[in-house]
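Have a look at the structure below before the remarks.
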Amino acid sequence: MEPHELEDKWQKKWADARIFEPDVSEIRKFFLTAAFPYPNSPQHIGHARTYTTTDVYARFMRMKGYNVLFPMGFHVTGTPVLAMAKRIAEGDKEIYEIFKNIYNIPEHMVSQLNTPEKLVDYFSKEIELGMKEMGFSIDWRRKFYTYDKMFNKFIDWQFIKLNEKGYLKQGSHPVPWCPKDNNAVGSHDTQGDVDPNIDEYVLIKFKFGNYNLLTATFRPETIYGVTNLWVNPSVNYVRIESNGESYIVSSDAAEKLKHQMKLELKEQVRTVELIGKNCTNPMTGEEIPILPADFVDPRNGSGVVMSVPAHAPYDFLALRDLKGTSFENYSDRAVQVIELAGYGKYPAKEISEKLGVADQKDPKAKQATEELYRAEAHEGRMITGKYRGEKALTAKEKIKQDMLAEGKVLLMYDIINGPVYCRCGTMCVVKKVEGQWFINYGDEGWKEQVKECLKQVSIIPKKTIVEYEYTIDWLKEKACVRASGLGTPFPFDRTQIIESLSDSTIYMAFYTISPYLKEIDAEKLYPEVFDYLMLGKGNAKEVSTKFSIDEQLLNKMREELLYWYPLDSRHSAGDLIHNHLTFFLFNHVAIFPRELWPKQIVTNGFVLMEGKKMSKSMGNILPLREAIRKYGTDVVRFSVVSGADLSQDADFNSTMAEGIASRMNSIEMLVKRCNEFPLESNTVDNWLLSAIHKKVKFSEEHYKNLELRDIAQDEFYGAINELKWYLRRGGKNRKVLREYLEYLILLLSPFIPHFSEEMWEKLGKKEFVKDSEFVSIAEWPKHDEMKIDTSADLSEQLILNTREDIDNIVRITKMTPRVIYIYCASDWKRKLYSLAYKEKKFDVVMKEAMKDDRMRGTPKEAQRVIEQLIKNVNYLSPTVLSSRQEKEALEGAKNFLSSELNADVFILSEDEAQDAHSKKARQAMPMKPSIFIG
RNA sequence: GCAGGGGUGGCGGAGCCUGGUCAAACGCGACAGACUCAAGAUCUGUUGGCUUAGGCCUGCGAGAGUUCAAAUCUCUCCCCCUGCACCA
């Protein structure tokens, strides 16, 4: 059967039997969720990693006997789809190209996706189909969209709760802004998808007559070393008035400052009115000149720069460049502010000369600046001013605060990776938004509780715990609303929309009640209703009467929540630790009682495509549904989760995918043929049974810890190799094979469920494990300790070693063996082996050995054997076969060896060796028989 | 800068927490052989160097140390990747 027929067949059967639609029951539950998708593009194989990991886990837990709930919804909050719909409506070429070439959506379809709703509808359906084709065991009855009315009411309630706790606050906040669109811009709003980076300049007021020149700097601590100011003669400067004061800045800066403070634009100021005149350093009171420099960029900061030639290479260079002009007499002045090991009094000069920087236009000036700034900030110490002796970095902050308090400076935000342009073509600025709402993740008491919570959450992989700890410490106020976007209006200012990372923190609880909420008019979902449903406040009767909602329904929902919550496992890619997953903890701690806090978080790495990161620009995105069509669901499932350890990136490539398919094929052949095998037993039978029971024994732990890669290695690739070896060794026992396969299919079922169902069906009535209509809900097998057979394992190991040794000899001697004698070591050597394993010391073993009559007879030989054993004392295994067992094992493999090597094989014990062989035979050691090739 | 993750055979990638069975799992690639008219697929073997008896040597970013013994532990250094927010 074609993979796709097979997939359809089982997906349909599962759906018909509703085996993934759990309800409240007596059975112990397991509730797990994966981060829901944002439907602004088709999902690719990378998205499938998290969901497949979750699904494998869900399927495993289901087989372990849990009532498992794995729901899914769609996150349609925020601005990207808005921006996308707008671009489509406007006929933006670039987006049409992306849709056509990368998403494979025909052009006539694209033009219809011109509203956010249509886009969401299109992509969410596409994604849902993909998830269904992947065979994810999702309960689709619980699906919702975050712009559903009922969800809005839920989020409304959440924010009312946060406010009650005092976790919401208002303040001002700088955001990247498009002055034309009058809107905040994210990376998806900018040309080339650039993410604007905002940094803070300190604007220092230098008194100039009745005005102030405003210089912009990142290094206010160098104020003590200012020798002059710089203005660019070819730039337009203007006078502005704000807060009763008058300032001079570049006209570009004035435009930007408009968005950050109230100001009036006054007259132009010609640079000739400035250059050569003096102004006053507000810190030192010193009079300093205003000089011309070309490096000053009017678009950066204020367009006026303070010159600190001792520490700023540009300033030193610009001064030096004045030589030969009328300002020549200013050209060699420097005041040292910071002391730095390895530098003298004039670090900027020293580094510029060291690097051979020609002038202020030389690109090397930038390098010199970066190098010196880094060193000084990190290791430099103040040698002047109030904070003399302190580190430059700490002094910087203190000096800034002091001057702020004294009214000597203003602050200005600027985009430091600019200029960044909005898609509309306008250059973005920074706007200081007043009255911005925040969730105060900086609240110390809250942080403490979250840390408490973290202690009781099982974090997988363990090593990511530090990242959560770090994030909890580092989080501060998080702006939680935006002026536009899809989602829930903010309850305390309905003109604002709650942004997407803030409305997705406790939605897991919503799944428990979402199917029932659909029966209620959303308008009735007042906060008190959720108080009851989520927190058990009040009682169903009251709520029912007050809001005319069916009491039974309320009880039912409360019951669902209490049954499913807390969440047993949360899954996402590792990049969300720094925001979503930590917010998730914060919000649960804030809103829910301790017993409903999450139990586990699992994060995973990404998927690479043929070794490279998938990206639109590389054009190497493999859409999930295309991958399914090409390789089949189970192959895709297997590839994305088994290619790497959980936290590492997995590589998807076609050779690997084909390899998986061909191995599945091998298993299928055996399943089909296994009943044709005779019942003939062979010494290798016990080994195969031992192997499968070991797998059963150890795979459970791997599944629990989501060590999916190990499962793939041991249970899939390992099984193939074992089966191959079994057949090669002449194994052909129908029962043994069936037993192996029945267990194996159970172990593989969470990974490759469609294939497993088919094999489960093909195997027919089970003879060794408990049967079930679907392997997907079959009982997880238990191993039989009795069948784990150490001596069978050792025997097989012995045969393998012997085979390899013979190969080695043949290869080195280049002879064609016609007859092979294998001599097994005597039992007295095995006694020494066990002694050596136990005692590990030569003299102890030797002493013990001499108590034995046989060995006392030939002390030299005993000594030689002990020496050898002690030499490799750490390689010895705890148990060892007896001479008889060894001979039996080899005897059982005689035909195998004989036919593989095309030679007559004789198995003897070393005592039976004669003549020329006897010397060689004496070298036999336990588990390493001596070999004589003739 | 801060935080996190890495540097292992031609490549991907285990192992390193709990030092010895590590010339290093597993896979890919390459080479040789079988099958085939041939190619592909498949199967068998080889794939650091030396070696006519299962052995020896060199090796896991660089350097130093601890140890009988280090890819594995400690220290120093170099290099690479990711994140740093209001954005899903």
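Note on naming: letters A, B, ... go to the chains in the order of the sequence lines (proteins, then strands), and numbering restarts at 1 for each one. Worth saying up front: this structure is predicted, and the values here are computed from it rather than measured.
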*Rounding to a whole Å, what distance do you find between A/Y717:OH and B/G12:C1'?*
12 Å
*Report which part of the nucleic acid A/K476 touches: base, sugar-phosphate, or nothing (heavy-atom distance under 4.0 Å, all strands).*
base
_Distance, C1' atom - from B/A69 to B/U21, rounded to whole angstrom_ = 14 Å
_Using a 6.0 Å cut-off, check whether atom CG of A/D473 has over 12 heavy atoms from anything other than its own residue._
yes
*When the aromatic ring centroids of A/F652 and A/Y631 are compared, is their separation below 6.0 Å?*
yes
_Nucleotide nearest A/P80 when distance is taken to its side chain, options B/G54, B/G4, B/C87_ = B/C87
_Listed nucleotide nearest any side-chain atom of A/Q713, set B/C28, B/C87, B/C26_ = B/C26
*Take atom CG of A/D575 and atom C1' of B/G83, then tell me their distance rounded to the nearest Å.*
9 Å
*How far does the C1' atom of B/A71 sit from the matching atom of B/C16, given to the nearest Å?*
7 Å
*Taking CG from A/N808 and C1' from B/G45, how many angstroms apart are they, rounded to a whole number?*
13 Å
*Does a side chain donor of either A/T33 or A/R570 reach within less than 3.5 Å of an acceptor in the other side chain?*
yes
*First encountered from the 5' end of RNA chain B, between A/E900 and A/R663*: A/R663
*Classify the side-chain pair A/D493/A/T495 by whether it contains a donor and acceptor separated by less than 3.5 Å.*
yes
*In terms of the angle between their ring planes, are A/F638 and A/F751 parallel, tilted or perpendicular, with boundaries placed at 30° and 60°?*
tilted
*Please report, rounded to the nearest Å, how far the P atom of B/G1 is from the CG atom of A/D199.*
16 Å
*Respond yes when some side-chain nitrogen or oxygen of A/R728 is under 4.0 Å from OP1 or OP2 of B/G45, and no when none is.*
yes
*C1' gap between B/G48 and B/A23, integer Å*: 7 Å
*Judged by modelled atom types alone, do A/Q436 and A/H173 share a side-chain donor-acceptor pair under 3.5 Å?*
no
*Could you state the atom-to-atom distance from CD1 of A/I809 to P of B/G45 in whole Å?*
17 Å
*For B/G61, decide between syn and anti, treating a glycosidic angle within 90° of 0 as syn.*
anti
*Between P of B/G4 and OH of A/Y468, the distance in whole Å*: 15 Å
_Between B/G59 and B/U8, how far apart are the two C1' atoms, rounded to whole Å?_
10 Å
_Between B/G6 and B/G15, how far apart are the two P atoms, rounded to whole Å?_
10 Å
*So, for A/W725 and A/F896, is the gap between ring centers shorter than 6.0 Å?*
yes
*Expressed as a whole number of Å, how far does the P atom of B/G55 sit from that of B/U72?*
25 Å
*Under a 3.5 Å cut-off on both pairing distances, which runs of 3 or more consecutive Watson-Crick or G-U pairs involve RNA chain B?*
B:1-7 with B:78-84, B:10-12 with B:26-28, B:29-34 with B:42-47, B:48-50 with B:55-57, B:61-65 with B:73-77
*Can you figure out which of B/C87, B/C2, B/C28 approaches the side chain of A/L501 most closely?*
B/C87
*Select from A/H580 and A/K928 the residue whose nearest nucleotide in RNA chain B is closer to the 5' end of that strand.*
A/K928
*Report yes if at least one side-chain N or O of A/K478 is closer than 4.0 Å to OP1 or OP2 of B/C84; otherwise report no.*
no
*What does A/E477 touch in the nucleic acid at a heavy-atom separation under 4.0 angstrom: a base, only the sugar-phosphate, or nothing?*
base
*Could you work out the separation of B/C77 and B/G83 based on their P atoms and round it to a whole Å?*
26 Å
*Take atom CG of A/L901 and atom P of B/G54, then tell me their distance rounded to the nearest Å.*
18 Å
*Please give, in whole Å, the distance from B/A14 C1' to A/D645 CG?*
8 Å
*asked:* If I pick the P atom on B/C17 and the same atom on B/G12, what distance separates them, to the nearest angstrom?
replied: 24 Å
*Tell me yes or no: between the side chains of A/H917 and A/Y823, is some donor less than 3.5 Å from an acceptor?*
yes
_Candidate list A/F36, A/F151, A/Y145, test ring-ring contact (aromatic ring centres under 6.0 Å, His included), partner A/Y507, passing option_ = A/F36
